[in-house]
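First up is the structure itself, then whatever we jot down about it.
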Amino acid sequence: MKVIGVTGTNGKTSTTVLIYDMLTGMGKNAAICGTLGMRYGNESFDVTLTTPTKEVLQYHMDRMAEQNVEYFVMEVSSHALQQDRVRGIAFDVGIFTNLTQDHLDYHKTMEEYKQAKRKLLSKSKSMVFNIDDMVGAEFFHEFYTEERPGDCITIGTACDCADITASHIETSLLGTEFDLNFLQTKSHMKIPLVGKFSVYNFMSAISALHLLGFSYDEIMASAEDVKPIRGRAQIIPLEEDFTVMLDYAHTPDALENILSSISEFHRGRIVTVFGCGGDRDRTKRPLMGAVASKYSDFIYLTSDNPRTEDPLRIMTDILPSICEGGKPYRAIENRERAITEAIQNAMSDDLVLIAGKGHETYQILGNEKVKFDEEEIILKALHF
């Protein structure tokens, strides 16, 4: 079984889904595990952790082996690497996407967070590095050697020195077009994924397939079947004169990625609904408020997954940076009410971004998961 691991702050889920979809599109027996759950054969399983515990992983990998799974692609979180949950797994390909602020409630410092991510690369036979990211470039220079040059692939958009590059990137609500230079072979690509960040995820995915031995023609043929990813810049189909998008962005960098992408092509108002999770890194809260204020025309500040924290305290941590940005806003603790008001007050040509939960169909209040399906709430708001 070939095992592909993806780590980094943002892009893990999208990259794993892209690899899995392209492998299955080529008729390969593949498995996937991550934030969206675990899937192999004809079965799907919910997982409580992005990267499950050693016992859960080994149990399922044993079942995968019995079902002759050829490829297993998985998200590998920094928590899992720090806690040694992937001990004993030989990674054929390790992918590093990027490193930005997150999880400092657990890792305490960015250096500790970085060193946790590094552990995946030290376990990998071959590697993919995003060298537009400062830490990605640092890792590449550490792991690349003349003895194994073919085992390391670099991706980027900022310069021509990467092995796989993208240029002339144009994005819209329908997807993204760009010129791809794949190891000196050039082609024009069109993928149904929104934003420059999606191009990085796509390049990571095709790099992994190349390292697994697939030909350029096989990879390009499978890329034609790439589909939008649930909860990642997901457009909700509505018969309205405004647009609603769901996205999982819950870090400052992820929120900036999606909002900056939208601002490049959207000419109407950008209305952002967001909050921050409780019992997590408090230092990123004002950063997210500043990002929302930088790109949005109107903001609905609300609750996310407050867990055991007081939602109002979380919102109070965010609010000063929104006020400093000077954009109009409404602070509504109840997330359903905030979404409903945003939808019902949307104007012609608005884009309403509901950020933070993406694919999640629950909200964590205290220690309890409560049903919370944002797609249902959107439809209910429209037909109230």
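Worth knowing before you read on, the calculation uses all heavy atoms, side chains too, and leaves out hydrogens, waters and symmetry mates.
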With heavy-atom distances below 4.5 Å as the criterion, would you say the side chains of H266 and I262 are in contact?
yes
For this output row, return yes or no: ring centroids of F140 and F96 closer than 6.0 angstrom.
no
Sequence-distant partners of H188, side chain to side chain donor-acceptor pair (under 3.5 Å), two or more places apart
E177, D179
Please confirm whether R232 makes a cation-pi placement over Y248, using NZ or CZ under 6.0 Å from the six-membered ring centre and within 45° of the ring normal.
yes
What do you reckon, are the aromatic ring centroids of F298 and Y300 less than 6.0 Å apart?
yes
Test of ring centre spacing under 6.0 Å for F129 and F139
no
Would K357 pass as a cation-pi partner of F274, given that its NZ or CZ must be under 6.0 Å from the six-membered ring centre and within 45 degrees of the axis?
no
Residue pairs, two or more places apart or on separate chains, that pass salt bridge (charged side-chain N to carboxylate O under 4.0 Å, His left out) and touch residues 264-274:
R269-D350
Residues at least two apart in sequence or cross-chain that pass side chain to side chain donor-acceptor pair (under 3.5 Å) with S222, listed by chain then number, are none
Side-chain ion pair, R330 and E341, N-O less than 4.0 Å
yes
Can you confirm if the NZ or CZ of K369 lies within 45° of the ring axis of Y362 and under 6.0 Å from the centre of its six-membered ring?
yes
Interatomic distance, L180 atom CG to T185 atom OG1 [nearest 0.5 angstrom]:
9.0 Å
Does OH in Y329 sit with more than 12 non-hydrogen atoms of other residues, nucleotides or ligands closer than 6.0 Å?
no
So, N305 and E360: side-chain donor and acceptor under 3.5 Å apart, yes or no?
yes
E170: which residues meet the salt bridge (Lys or Arg N to Asp or Glu O under 4.0 Å) condition with it, sequence neighbours left out?
none
Sequence neighbours excluded, which residues qualify as ring-ring contact (aromatic ring centres under 6.0 Å, His included) partners of F72?
none
According to side chain to side chain donor-acceptor pair (under 3.5 Å), who are the partners of R230, at least two apart in sequence or on a separate chain?
none
Do NZ/NE/NH1/NH2 and the carboxylate oxygens of E142 and R118 come within less than 4.0 Å?
yes
Is D84 atom CG crowded by more than 12 heavy atoms from other residues, nucleotides or ligands, each under 6.0 Å away?
yes
So, E218 and S215: side-chain donor and acceptor under 3.5 Å apart, yes or no?
yes
Please determine, by modelled atom types, if S187 and Y216 share a side-chain donor-acceptor pair under 3.5 angstrom.
yes
